[in-house]
Amino acid sequence: MSRITLDVDPFDETNLAAPYPMHCRLRDAGPVVFLPRYGVWAMARHQEVYASLTDHESFCSGRGAGLSDFHKEKPWRPPSLLLEADPPDHTVMRGAMGKVLSASTVRGFRQTFKAEADALADELVARGHFDVVTDLAERYPLKVFPDAVGLLPDGRENLLPYGALAFNAFGPHNRLLEQALASAAPVQDWIWNACQRDVLTPGGLGASLWQAADRGEITTEQAPMLVRSLLSAGVDTTVYAIGNTLQALSANPGQWAKLREKPSLARFAFDESLRYESPVQTFFRTTTRPIDVAGVHLPEGEKVLLFLGAANRDPRKWGEDADRMDIARPASGHVAFGMGIHQCVGQPIARLEAELVLTALAERVERLEPTADPASKPNNTLKGWSSVPVRVHPVRFH
Ligand code: OVV
């Protein structure tokens, strides 16, 4: 089959803010299409995205999970030992990180995370109106996650700019990346310092990674790099995820009502929201060999752009109402956390944070009424909002 090309720019700010019409074009054009603007291939259907994510031997991560090919260009920072690595090296790092972020460790955070979620919900309900993003989706993870990692109180304002930089850096050298890089040096210095053993509180996730080095499971050079992965992937992702979930639920009062009726649906509501508006929209892979995708030939060493957010709305997988948010829908099989060996290792923490925030609000709030249109927050990889103002209609007798 001959190659299908499509003249779209997925990193243009209009498409970043409103990607869904473009997703439809990409999926309908074919199982894999060539984007001449960047000289890369793109997949936007669930079947091919899923298949590529689970075939790490043919679609590698070691040449970068962004547009830049680490075989051809110097990475903006030393590559992540987790995200930007392949087996067998990746396997060791994933084992160490998986142990530190295990379900049982994360169960230990529930009490303190719940107390913070309840206190914040009480405060916001008492206030009567608030901004879902700045007053909740940013505040909550920025409190509980750095505490869990064991960061000192000072300098935490560097975490969001660093995450924004890391996720913009997966895209092209456009205005967004240039802006993020402009003021990045002090942020990067602060982050690297925060990864060192002597500044991490005993008992935290960061200290656990250093203990893995003490036990010889990883080296003392690898330990701070894995702490850096926590700080790169653990903040903005959850901020966008919680913001997107509450934006979607406030815009769909019927869905909020379903959650109110049964707050134990919180985890399902979160999965459906991840499917419906995926915080991480895209990742790249690089072909390790010539490979046929649905009859189309891809050479070795080609960048492939995987549209997670488009796969999650593919009507071929989810049916004709894929664009509708429905918390009763079985959303499992979405690829918002990725799939395969690189699937998000921090999921247990992300899910705990979301569950507790959603439950605390569902118990206290009859309705979250949007009081203005949400404002989108442009990023080369993340889809979300910079502002979502709402009025609270409280439950009468909580
Ligand atoms: C931005 C990002 C996403 C996922 C993983 C990492 C970074 C990492 O540094 O490992």
Side-chain angles (χ1 to χ4, degrees), residues 11 53 56 59-68 70 75-87 89-101 141-142 145-146 149 151 158-172 176-177 180-181 184 187-188 190-196 205-206 208-209 212 218 221-241 274 278-286 305-306 308-309 335-351 377 379-384:
F11 301 102
L53 288 170
H56 61 268
F59 299 93
C60 78
S61 293
R63 291 168 75 164
L67 175 61
S68 172
F70 293 174
W76 68 280
R77 61 173 191 171
S80 164
L81 303 182
L82 269 174
L83 180 74
E84 294 152 343
D86 299 307
D89 303 343
H90 167 268
T91 316
V92 179
M93 299 303 118
R94 174 77 188 205
M97 190 66 109
K99 208 162 133 183
V100 166
L101 294 174
L142 271 176
F145 186 70
V149 171
L151 299 189
N158 288 294
L159 291 167
L160 283 179
Y162 188 71
L165 169 60
F167 281 99
N168 273 320
F170 295 124
L176 286 169
L177 179 53
L181 282 170
V187 176
Q188 290 201 70
W190 183 87
I191 290 286
W192 186 240
N193 182 257
C195 296
Q196 306 309 311
L205 300 172
S208 303
L209 286 166
I218 58 174
E221 286 75 39
Q222 291 164 339
M225 286 292 285
L226 291 185
V227 181
R228 196 193 70 174
S229 281
L230 287 178
L231 302 184
S232 306
V235 182
D236 291 60
T237 48
T238 50
V239 168
Y240 278 71
L274 291 172
S278 307
V280 177
Q281 285 281 308
T282 46
F283 268 130
F284 287 82
R285 293 291 189 260
T286 313
L305 176 50
L306 304 178
L308 311 178
V335 290
F337 283 121
M339 201 50 75
I341 64 168
H342 290 281
Q343 192 184 34
C344 177
V345 70
Q347 268 181 82
I349 295 201
R351 290 183 184 283
K377 181 154 58 185
N379 183 281
N380 281 331
T381 302
L382 299 168
K383 164 107 176 70

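Note that the structure is predicted; figures quoted are calculated from it, not measured. Counting starts at 1 for both ligands and their atoms, following the listed order.
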For the backbone of Val280 and the side chain of Ser278, can you confirm whether one donor and one acceptor N or O come within less than 3.5 Å of each other?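 No, the answer is negative, given that no donor and acceptor are paired below the 3.5 Å cut-off.
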State whether the side chain of Thr238 and the backbone N or O of Gly234 hold a donor-acceptor pair below 3.5 Å, judged by distance alone.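 Yes: the side chain of Thr238 pairs with the backbone of Gly234.
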Proximal atoms of ligand 1 relative to [X] (non-hydrogen, under 4.0 Å):
X: Ser232; value: 1 (C), 7 (C), 9 (O)
X: Phe170; value: 1 (C)
X: Ser80; value: 8 (C), 9 (O), 10 (O)

Counting the benzene-type ring for Trp, do Phe284 and Phe170 have ring centres under 6.0 Å apart?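 They do not qualify: ring centres at least 6.0 Å apart.
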Can the ring centres of His56 and His90 be said to be less than 6.0 Å apart?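 That pair fails the under 6.0 Å test.
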So, regarding Ser229 and ligand 1 (criterion: nitrogen or oxygen to nitrogen or oxygen, under 3.5 Å), is there a contact or not?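 Looking only at distances, the answer is yes, because the N/O contact criterion of under 3.5 Å is met.
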Would you check whether Arg77 reaches within less than 4.0 Å of ligand 1, judged by its heavy atoms?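 Arg77 counts as a contact of ligand 1 under the 4.0 Å cut-off.
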At what distance is the nearest protein heavy atom to atom 4 (C) of ligand 1, and which residue and atom is it?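 Closest protein heavy atom to atom 4 (C) of ligand 1: Ala233 CB, 3.4 Å.
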Apply side-chain hydrogen bond (donor to acceptor under 3.5 Å, both in side chains) to the pair Ser232 and Arg77, showing each step before the final yes or no. CA-CA 12 Å; Ser232 306; Arg77 61 173 191 171; 2.9 Å; yes
